[in-house]
Amino acid sequence: MSPRLRLAVLGVALLALVPGAAATIAHLPDFGATIAAYGERINAIAPGERHVANMVSAINFDLRGLDTLGEEFMLLAAITGTVVLLRGRRGETLTDRAMRLPGRAILPRSEAVQLTCRLAGPLLMMFGLYVVLHATVTPGGGFQGGVILASGTLLAYLGEGYGGWRDMVRSHWLDAMEGGGAVLFTVCGLAPMLTGAAFMQNVLPLGTFRDVFSGGLMLVENAGVALAVCGGFTQLFLEFLEETREADGPEEPGEDSA
Amino acid sequence: MTWLPYAVAAWLFAIGLYGLASSRNLIHLVGCLSVCQSATYVLLLGLGYRYGSIAPIFYDHPPGTPAVDPVMQALVLTDIVVGATLSALLLVLTVQAYKRSGTLDPEHLKPMSRGGDKAAPATSAKHPAR
Amino acid sequence: MSAILILLFLLTAASGTAVVLIRDPARQIFALAGNGVVLTILFTALQAPDVALSELAVGGAAVPLLFLVALMAVRTGRRDEEHEG
Amino acid sequence: MIASLLASWPPAVLVPLPVAIPLLVCAALLATAHLLPGRTPDILATITALVVSGLSAIIAVQAGDGSVDYWFGGWQPRDGIALGIGFSVDAASGWIGAFIGFLYACTFVFAWGFFARTHGHFHILMLLFLAAMIGFCFTRDLFNLFVWFEVMSVAAFALTAYHLARSSIIGAINFTVVNSLAGFLMLGGIGLLYARAETLDFAGIAQGVAHAGRDPVVAGGFCLVAAALMIKGATVPFQFWLADAHAVAPSPVSVIFSGAMVSLGIFGLAKLSAVVFDGSAQIREAIPVLMIGLGAISAVLGGWMALLQRHLKRLLAFSTISHAGIMLIGIGTLSAQGSAGLLVYVVGHGLVKGGLFMIAGILLATRASIDEIALRGLGRGIAPAGVAMAVAGLLLAGLPVGLLDTGANLLHGSLTAAHPYALAATIAGGALTGAAVLRAAGRIFLGLGEDPGDEAGAPSEAEREKADRPLWLMLAPCCAMLALDAALPASWIHGMAPGAVTAFSHHALRGMVSEGPAWPAWASVAGALGLAAFALFRHRLPRLVVGPIRATQSAPTRALEALHSGLIGDYVAWLAVGLALMAGVLAYA
């Protein structure tokens, strides 16, 4: 189809969808009028039964923990996929040393930038750790904290330059972190089964309500998620940045020339 | 105005589709896909909201205070992870497509020549020279 | 519905539209980050701080960063080509 | 004796394991990939797949005529309201899980050493893919279904582009964009259904749907969720991504795509239509029109397109569209017999189509080409593969032997009285795809057909796959799958089917499951043989016969080819058209 014809087809189809969408929207519950019984019920029972203040964490790590398990592995799949697709061309051997684009000057970092990054990096990491640790009492949790931690390592890139960053962060460690976090989460599911409980049943002591160490098994799962997300996102940044550095070498076919 | 959030969601999805259909640059196309996705965020959170309710975190307020729907928020959290993974994967594919064919224009990227169609111009099958 | 929510919903629609209509990828990245920030504010207003924090970390920072890096990677390739040709 | 031993196990304990074990193995593989010696990922992955298969089979046996329910985190429903996520495994879901595990085990053997240099990354992605499929089959929670749907998609996107050739990257982009949109549609639909039913559990939503009556919100939710699953199931007009993706993925991955992923989309739709949406009269009105109509079109169009291809994997990809259409027709019958046929068909088709993709992989590895014309006569040295391909082609066409035929036979039986056109479409679909495969087999392994001479339509890239493993190692899993398809007795299926379908549909579908007529199968086989013979020997036929056929064929053929443009913008436009079509049918139902 020519671009114009395509847009015409799309426009007609979308116009045809308007009445249906309008009818659906008109029959939806009024915005802000009420919330679903399921959510209401969780708000009612979770603080008492799991001693946690953050309902979203309670759902993510306990009531609907299986969804989060799937979500973590989705992230793992995407990052493994990214690594496979980006490394395919470079070959795996080159991943651990900094490649430099020939002809590109190494920009010296100004001291101000370096200082700012050296100050802000640890601060950001501290904030990330705070978010991770307070998953059950305040907004945030392993996923958000993990992303923030990964951004903290990125500041090291800004401050120390690429080579310095590459010396600090090794790809194998990140794999181990990511896989280890995912293993930890899965084991959190399987271990309770050994005691005769259900998959991912909260069998640890629950702690006191509004305390940082409340929620029992949720804390361990949260740590697993934080580990996996931090490792995964750092890996993602690393592989992407490698791509901008890549010298235009000979065209390598896919990973296996398959 | 009770329909506004849902209408905004529908609009975002439609405009995202328009962007996907009309895009001439793969990086732009990935951005359009994330607009389509933001429609689902708006829809879900709109459905989970209730006036006069607190966030579903009973730290400063005692349990039992009316709160908004935490289930929808948990769903949207998962959705955001989906969005990040999809963007990352598509950007990788985009970069690789560019390295293989030297263009980012989807109109010039066709998967393969038509197997049985003898009438198809053979030139479309050739690699653009790098 | 309160005026602030109406405004935020309209702003969300507008910033989403901007992402689609700004066709130069280099500028689209700013629209994308802007969209992420608007969504973050909207989610905060909808009493979803958890989601807002994720959206800020992912939609406001990480994803635009990936876009930026992808664009840089493509540009790197392009410059080499000019160099060769 | 084994059965009595198994019966003594507490039934529910095993339910989470088929999902958890592959996840655990893949995470451990990722964490330790750099320390493991060469073949470990292959061995671990094969064993894991077999364990998953075995566990699923045990659960299926335990389920019997009912279902095994399992609540994660120990959150049993209170006052009839589900609080957590549940798995509900009936015999049909369990056996399909067992089939998927077996398919993966065969694939891992087929791909032995194929992906050796990748630190197990291939195996990690495949095991994730496996876990997601099993979760998709077992879950009884709508959002959990979405999560597994997305995990499946993400793993599939990465695997498609594995070769990093130009066509595979572009195929992967098309696949990713279309299937991401499917995910968004599904999530939107989940939001609508949640707004109405206020729960995410299948049984709870079913109550909400039945209570709502004629309600645009429920209809909208169905429209979005069904469209998402039909995109996964490659139904016309959502089918475009499939041929691009399946043709370019590595052969072991294509085996899984065509053998299990596409049919799982249809399987999910069948489950949701029966379990969740049965209470809505409006949707029950719309389903026959939509599913039988679109299914019949898919069956014929996919078959026709398959016949036009010379790229072997693309040919098989289009035949998958055709067979997915036939399965969709089974949903449209809204009968126990149709659903039983569909479920059996999923397994039979997966075994046969998986075997065919393996043969395509063998040709790629040993003969370094996937082009039917270029391969003409080159298969003479690997006769066993030729025999396997011919057998698979005949089974695909509907040869009345084995599992695929049992499924087709049940489907035909459910169609004869009420839907003669759909019956004709299923026969045509089987004949066309069977003809395409038989023609290719005849040309490659017997050197039949005319010498082409021109290379205008040849596949664009010199494709090949690594030939580092002996022929028997690649052929063995293929033969095992075909043998399993042929060996499973129809009487066993007929005995199990009524109870299994009742449990599968949560008592929505009941009734007789009886043998269908035998003539459609023979008609389909005869059609396939005739068409294949015509394609191979038409240069010997008088021009008077060939000319008019070619003339009437050329215009629609060219239009069809033009539709499959490979441009993502077109696919998005067609997606919107399909959505509008479904909304329209629902509005008038």
Side-chain angles (χ1 to χ4, degrees), chain B residues 1-2 4-5 7-9 11-12 15-20 22-28 30-32 34-36 38-39 41-42 44-46 48-51 53-57 67-70 72-74 76-77 79-81 83-84 87-88 90-92 94-95 98-99 102 104 130, chain C residues 1-3 5-6 8-29 31-32 35-36 38-39 42-55 57-59 62-64 66-78 80-81 84-85:
Chain B
M1 292 298 266
T2 54
L4 180 72
V8 167
W11 167 257
L12 283 173
I15 193 83
L17 283 187
Y18 163 74
L20 287 173
S22 65
S23 181
R24 299 301 297 267
N25 184 309
L26 279 177
I27 296 183
H28 173 259
V30 183
C32 295
S34 72
V35 172
C36 277
S38 63
Y41 307 158
V42 173
L44 293 184
L45 284 182
Y49 183 70
R50 178 169 59 183
Y51 289 124
S53 299
I54 60 160
I57 296 168
V68 301
D69 191 343
M72 279 302 170
Q73 302 195 2
V76 176
L77 269 181
D79 196 18
I80 287 178
V81 179
S87 295
L90 269 171
L91 287 173
V92 172
T94 302
V95 169
Y98 181 78
K99 299 209 160 153
L104 281 176
R130 271 179 55 84
Chain C
M1 192 173 358
S2 65
L5 274 180
I6 294 183
L8 279 172
F9 275 116
L10 291 177
L11 208 59
T12 309
S15 70
T17 313
V19 173
V20 171
L21 294 185
I22 297 176
R23 297 204 174 250
D24 174 14
R27 290 193 209 150
Q28 195 204 21
I29 292 172
L32 214 73
N35 190 27
V38 170
L39 283 173
L42 176 72
F43 296 165
T44 317
L46 289 176
Q47 302 291 347
D50 275 277
V51 185
L53 196 58
S54 306
E55 178 62 25
V58 172
V63 168
L66 294 182
F67 271 82
L68 190 71
V69 176
L71 201 63
M72 276 160 65
V74 171
R75 292 239 165 115
T76 313
R78 194 169 288 162
D80 291 342
E81 238 162 53
E84 283 162 17

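Convention: sequence-line order gives letters A, B, ...; per-chain numbering from 1.
Of the atoms belonging to B:Thr94, not a single heavy atom falls under 4.5 Å from chain C. Heavy atoms closer than 4.5 Å to chain B are found in the side chain of C:Leu32, but not in its backbone. Of the atoms belonging to C:Ala45, it is backbone heavy atoms, and not side-chain ones, that fall under 4.5 Å from chain B. Contacts between C:Leu46 and chain B at a heavy-atom distance below 4.5 Å involve backbone atoms as well as side-chain atoms. Of the atoms belonging to C:Leu42, it is side-chain heavy atoms, and not backbone ones, that fall under 4.5 Å from chain B. Contacts between C:Ala48 and chain B at a heavy-atom distance below 4.5 Å involve backbone atoms as well as side-chain atoms. Interface remark: B:Ile57 contributes side-chain atoms only to the contact with chain C (heavy atom separation under 4.5 Å). Using a 4.5 Å cut-off between heavy atoms, C:Val58 contacts chain B through its side chain alone, with no backbone atom that close. Proximity to chain C (any heavy atom under 4.5 Å) is restricted, for B:Leu12, to the side chain, taken from C-beta onward. At a 4.5 Å heavy-atom cutoff, the contact between B:Val30 and chain C is made by backbone and side-chain atoms alike.
Taking the side chain as every heavy atom from C-beta outward, B:Leu4 and C:Leu10 approach each other to under 4.5 Å. Counting only heavy atoms from C-beta outward, the side chains of B:Tyr18 and C:Thr17 never approach each other to under 4.5 Å. No side-chain heavy atom of B:Ser34 sits under 4.5 Å from any side-chain heavy atom of C:Val63.
B:Leu91 CG to C:Phe67 CZ: the interatomic distance, rounded to the nearest 0.5 Å, is 5.0 Å. Here the CH2 atom belonging to B:Trp11 is positioned 14.0 Å from the OG1 atom belonging to C:Thr12, to the nearest 0.5 angstrom. How far CZ of C:Arg75 is from OH of B:Tyr98: 10.0 Å, rounded to the nearest 0.5 Å.
Looking only at distances, a side-chain donor or acceptor of C:Gln28 sits under 3.5 Å from a matching main-chain atom of B:His28. Side-chain atoms of B:Gln73 do not come within 3.5 Å of backbone N or O of C:Pro49 as any donor-acceptor pair.
Nearest approach of B:Ser38 to C:Leu39, heavy atoms of both residues: CB-CD1, 3.9 Å. Taking each heavy atom of B:Ala88 and C:Leu66 in turn, the nearest pair found is CB-CD1, 3.9 Å.
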(message) Pair B:Ser22, C:Arg23 - check side chain to side chain donor-acceptor pair (under 3.5 Å), show working.
(response) CA-CA 10 Å; B:Ser22 65; C:Arg23 297 204 174 250; 2.8 Å; yes

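Chosen from B:Val68, B:Leu77, B:Ile80, the residue pairing most often with chain C at heavy-atom distances under 4.5 Å is B:Ile80. By number of non-hydrogen pairs under 4.5 angstrom with chain C, the leading residue of B:Val76, B:Asp79, B:Leu45 is B:Leu45. When the candidates B:Pro56, B:Ala55, B:Gly19 are compared by the number of heavy-atom contacts under 4.5 Å with chain C, B:Ala55 comes out ahead.
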